[in-house]
Student: 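Please see the structure below; I have some questions.
Numbers for residues simply follow the sequence, beginning at 1. Both ligands and their constituent atoms are indexed starting at 1 by order of listing. Computed from a predicted model, the values in this text were never measured in an experiment.
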Amino acid sequence: MNKVTTTALAEMKRKGERITALTAYDAPTARLLDEAEVDVTLVGDSVANVKLGYANTIPVTVDEILHHVKAVRRGLSRSLLVADMPYLSYELDHREALRNAGRLIKEGGAEAVKVEGGIEVAPVVKELLRVNIPVMGHLGLTPQAVNRLGGFKVQGRRPQDAEKIVTDARILEGAGVFALVLECVPEDLAREVTRKLSIPTIGIGAGSSCDGQILVVDDLLGLGEAPPPRFVKRYADLRPVMLEALKNWTSDVRSSAFPGPDQSYPAKAPAARAKRP
Ligand code: KIV
């Protein structure tokens, strides 16, 4: 089981091997992703709405993301660990962007960062690469721009919007991103971008032509309360299972069925079992 690197992902695209990517926000989930041989693990700023109870990704801070990156780092060894740069942690000032990305790499143990946007983030991508921080790009539905986009909607349906996404993708590739997330764009646009770039594209709601796929792990596992977006396929429905277990436990406590003798310690310790000869 070889360690996944940014260059390994480029090689996978060259060989036509599909890239698997999921989000994780804690160590046990990270260990599961490694066991399942997921190639890329993203500590997404989706931690904001998925785990921290915010309405969207806008409020999450570098410190909050960093806390989760450290946890995921402890659980991961094979998968490439990418940390999301939160809103306004990289757009305003290059020195601040370097400091913030540097913390995610140096303190958190991430191996790359992800930024949202096109031509406007190309200069900061170059700055990050100058200090050897690999960068993943993100185009299409960029959740940090939700207020400008007017909601979580498919992007790039109008010809001029599709053209802008293709141009931005080329600019990001030129700036040096090692991979590009394409979120919620029509399938034929994702196919065109994938064909035109030599770096891997990783789709989420972008059809099957991308070089890889990414999902929020809670969506895949059915842990969320709300119905997931159309592009999610649920591979498990864990929330009802968890709820039933919790209800059974509260009911057992109230009826004194828990704890039973098996979960209690007698005053006298049982005699130690004889060892086998
Ligand atoms: O924050 C996130 O989880 C993401 C993706 C799922 C691409 O950016």
Student: Quick one: list whatever passes side-chain contact (heavy atoms from CB on, under 4.5 Å) with P59, sequence neighbours left out.
Tutor: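 Result, side-chain contact (heavy atoms from CB on, under 4.5 Å) vs P59: Y54, N56.
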Student: Report the residues that fulfil salt bridge (charged side-chain N to carboxylate O under 4.0 Å, His left out) with R31, sequence neighbours left out, ordered by chain and then residue number.
Tutor: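 Partners of R31 by the salt bridge (charged side-chain N to carboxylate O under 4.0 Å, His left out) criterion come out as none, since no residue qualifies.
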Student: Are any side-chain N or O atoms of E120 and backbone N or O atoms of E91, one a donor and one an acceptor, separated by less than 3.5 Å?
Tutor: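 Flag not set: sc E120 to bb E91 has no pair under 3.5 Å.
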Student: Out of curiosity, does L129 fall in the hydrophobic cluster containing L197 (side-chain heavy atoms, cut-off under 4.5 Å, transitive links)?
Tutor: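 Same cluster.
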Student: Determine whether D26 and T29 satisfy the following criterion, side-chain hydrogen bond (donor to acceptor under 3.5 Å, both in side chains), listing intermediate values before the conclusion.
Tutor: CA-CA 6 Å; D26 58 45; T29 309; 2.6 Å; yes
Student: Could you list, one pair per line, each nitrogen or oxygen of ligand 1 together with any protein nitrogen or oxygen closer than 3.5 Å, giving atom names and the distance rounded to 0.1 Å?
Tutor:
from: ligand 1; atom 1: 1 (O); to: D45; atom 2: N; distance (Å): 3.2
from: ligand 1; atom 1: 1 (O); to: D45; atom 2: OD1; distance (Å): 2.9
from: ligand 1; atom 1: 1 (O); to: S46; atom 2: N; distance (Å): 3.1
from: ligand 1; atom 1: 1 (O); to: S46; atom 2: OG; distance (Å): 3.2
from: ligand 1; atom 1: 1 (O); to: D84; atom 2: OD2; distance (Å): 3.1
from: ligand 1; atom 1: 3 (O); to: S46; atom 2: OG; distance (Å): 2.5
from: ligand 1; atom 1: 8 (O); to: K114; atom 2: NZ; distance (Å): 2.9

Student: Sequence neighbours left out, what passes side-chain contact (heavy atoms from CB on, under 4.5 Å) with V241? Give chain and number order.
Tutor: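 side-chain contact (heavy atoms from CB on, under 4.5 Å) list for V241, sorted by chain: empty.
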